[in-house]
There are 2 protein chains.
Amino acid sequence: MNFTASEENYIKAIYHLQQSAALVTTNELAAQLKTKPASVTDMLKKLKLKDLLLYEKYQGFQLSNKGKKVALGIIRKHRLWEYFLVNKLQFGWDEVHEIAEDLEHINSKLLIERLDAFLNFPRFDPHGDPIPDVNGRMEVSKQINLIDLAPHQPAEVSAVGSQSSELLDLLSHKNIGIGTRLEVVKKFIFDHSIEIKIEDTAPFSISQQLAQSLFVKPL
Amino acid sequence: MNFTASEENYIKAIYHLQQSAALVTTNELAAQLKTKPASVTDMLKKLKLKDLLLYEKYQGFQLSNKGKKVALGIIRKHRLWEYFLVNKLQFGWDEVHEIAEDLEHINSKLLIERLDAFLNFPRFDPHGDPIPDVNGRMEVSKQINLIDLAPHQPAEVSAVGSQSSELLDLLSHKNIGIGTRLEVVKKFIFDHSIEIKIEDTAPFSISQQLAQSLFVKPL
DNA sequence: AAATTTTTTTAGCCAAATCTAAATTTTTAT
DNA sequence: ATAAAAATTTAGATTTGGCTAAAAAAATTT
Ligand SMILES: [Mn+2]
Ligand SMILES: [Mn+2]
Ligand SMILES: [Mn+2]
Ligand SMILES: [Mn+2]
């Protein structure tokens, strides 16, 4: 079974959306893919026909087991290419998402196997997201949102909540990346901002919005 | 200017065909692309409209200067990816053409620049074909067809005339690859077969067809 | 319980890239 | 110079993925 780039984009988007809620809605998916609800309905019918989707009209939908497997395959390709771009071609972590969006649709099992081996079977992509293995299995790290980290608990940044260049730009400016060690000094009720301290540098404040986009592993 | 994968395939095919004859015909191109003449005519109109093609109906066609530049860009991408697949991902030279057919349509100037640098600016692909540089320039090696090599003139295999897996399979079997040193022992009029000798091994015969698919540089 | 709003689907249209069949032009043979 | 054959183009359909506008269903207010 091979799928078009468009089908793969739908499958991947549904997979990501159903991480936060079991059932996905037509409008949600249309917003995510920047397309119209009518176009989504068309594709839902097609995916159901191919047994990738559990879908009853008006009732929301979710990927079938087969659909989930396909999704993990696409995510695997995306993240392996991102790792390649950053660690072999010297791209910045904020430059790779768009290119990986195209590369992920190249269909060659052998290519991905060889790429994986060439990269030494990496387990996380440059944004800290786990890379599924050939069987779709990936590490489930017990990372928590920075907003939930207890004050004075040392932790390490393990992932970012989005790949927007705006977020990644802000993070580079503040010298925060995957692996950065930090602790929360104080949380402010007034604006929900958080004061953090990176290793031996002076503490500084970050907004609630930014804290919510950072995931950390307590050390 | 960005082009669809389909447009790029047509442009590349026209480029290759016009190496042997200035003007290309509809049927030739249809055969090359395994499509129908009617489909070719449709695309010719589109390419002409985009100023990539010099074309008057019923009169044959050829790429404009702009079209040639685009073609060289696609060929550059194709050959760089082939080099990557063989020299980094351990593919055999007979396994890479199909995958490169897809990878060549990924559109990112930066990606190709970085890939080129990562590979150390290779000048020939795994099949001995020259890789155009950023400006579309490439080496014009003074290679000749093996069929035209003078007897007892030592030479080195520099390129193959096609990427068909049938040809590459035959070559591996006979232990002939890019860089193989050989000389012609004798040419037979009867069936135009040629007896060749590889370095210190016993001489053997190859068919006219095979000899025509091999290019060599006299040493 | 009815009315209103929101969500989702259907109906109908469009563009790109194909195809087949028919028409036209060019080339080749008589 | 005609007639026949070959090459090329046009006409009309099809598939895929998208769109808008209208209809229908579900959810929310009153
Ligand atoms: Mn990404
Ligand atoms: Mn990522
Ligand atoms: Mn090739
Ligand atoms: Mn090649």
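A note on names: the letters A, B, ... follow the listed sequences, proteins ahead of strands, and every chain is numbered from 1.
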- [ ] State which residues pass side-chain contact (heavy atoms from CB on, under 4.5 Å) with B/Ser207; sequence neighbours excluded, sorted by chain then number.
- [x] B/Gln209, B/Leu210

Open item on the list: Can you measure B/Asn9 atom CG to C/dA16 atom P for me and round it to whole angstrom units?
Closed with: 17 Å

- [ ] Taking atom types as modelled, find out whether B/His97 and B/His78 have a side-chain donor-acceptor pair closer than 3.5 angstrom.
- [x] yes

Open item on the list: Can you measure B/Lys57 atom NZ to C/dT26 atom P for me and round it to whole angstrom units?
Closed with: 10 Å

Task: Nearest-neighbour nucleotide for the B/Ala38 side chain, C/dT18, D/dA25, D/dT10 considered - done: D/dT10

TODO: Look at all strands and tell whether B/Ser39 reaches a base, only sugar-phosphate, or nothing, counting heavy atoms closer than 4.0 Å.
DONE: base

Open item on the list: If we count only N and O atoms by modelled type, under 3.5 Å, do the side chains of A/Asp102 and B/His105 hold a donor and an acceptor together?
Closed with: no

Open item on the list: Between B/Lys36 and D/dT9, is there a contact of a side-chain N or O with OP1 or OP2 at under 4.0 Å?
Closed with: no

TODO: Indicate, with a heavy-atom threshold strictly under 4.0 Å, whether B/Gln59 touches base, sugar-phosphate, or nothing.
DONE: sugar-phosphate

TODO: Check whether any side-chain heavy atom of A/Phe124 sits under 4.5 Å from a side-chain heavy atom of A/Glu139, and report yes or no.
DONE: yes

- [ ] Check every atom of C/dT9, C/dT18, D/dT10 against the side chain of B/Asp42 and return the nucleotide holding the closest atom.
- [x] C/dT18

- [ ] Name the nucleic acid region contacted by B/Tyr55, choosing base, sugar-phosphate or nothing; use a 4.0 angstrom heavy-atom cut-off, strictly under.
- [x] sugar-phosphate

Task: Complement of C/dT20, any strand, by Watson-Crick or G-U distances under 3.5 angstrom - done: D/dA11

TODO: Please work out if B/Thr41 contacts a base, only the sugar-phosphate, or nothing of the nucleic acid, heavy-atom cut-off 4.0 Å.
DONE: base

Task: Short side-chain N/O contact from A/Asn27 to OP1 or OP2 of C/dT8, under 4.0 Å - done: yes

- [ ] For B/Thr26, answer base if it contacts any base atom (sugar-phosphate contacts may also be present), sugar-phosphate if it contacts only those atoms, and nothing otherwise; contact means non-hydrogen atoms under 4.0 Å.
- [x] sugar-phosphate

Open item on the list: I want to verify a distance call: between D/dA24, C/dT26, C/dC19, whose nearest atom is closest to the A/Tyr58 side chain?
Closed with: D/dA24

TODO: Could you check which nucleotide pairs with C/dT6 in any of the strands shown, counting Watson-Crick or G-U wobble with both distances under 3.5 Å?
DONE: D/dA25

Task: Atom pair distance, as rounded to whole Å: NZ in A/Lys48 and P in C/dT9 - done: 11 Å

- [ ] Provide, to the nearest angstrom, the distance between the NZ atom belonging to A/Lys34 and the C1' atom belonging to D/dG18.
- [x] 17 Å

- [ ] Take the protein atom CG of A/Leu23 and the nucleotide atom P of C/dT8, then report the distance between them rounded to whole Å.
- [x] 11 Å

- [ ] Using a cut-off of strictly less than 4.0 Å, decide whether B/Ser6 has a side-chain nitrogen or oxygen near OP1 or OP2 of C/dA16.
- [x] no

TODO: Provide, to the nearest angstrom, the distance between the CG atom belonging to B/Leu49 and the P atom belonging to C/dA15.
DONE: 14 Å

- [ ] Mind running side-chain contact (heavy atoms from CB on, under 4.5 Å) on A/Ile144 and A/Phe215 for me, showing each step along the way?
- [x] CA-CA 5 Å; A/Ile144 60 171; A/Phe215 293 87; over 6 Å; no

Task: Nearest-angstrom distance from the residue atom NZ of A/Lys50 to P of D/dT16 - done: 8 Å

Open item on the list: Output the rounded distance in Å from CZ (A/Phe61) to P (C/dT8).
Closed with: 8 Å

TODO: Using a cut-off of strictly less than 4.0 Å, decide whether A/Thr25 has a side-chain nitrogen or oxygen near OP1 or OP2 of C/dT7.
DONE: no

Open item on the list: Within the 4.0 Å heavy-atom criterion, would you say A/Tyr10 contacts the bases, only the backbone, or no part of the nucleic acid?
Closed with: sugar-phosphate

Task: Donor-acceptor side-chain pairing of A/Thr25 and A/Asn27 below 3.5 angstrom - done: no

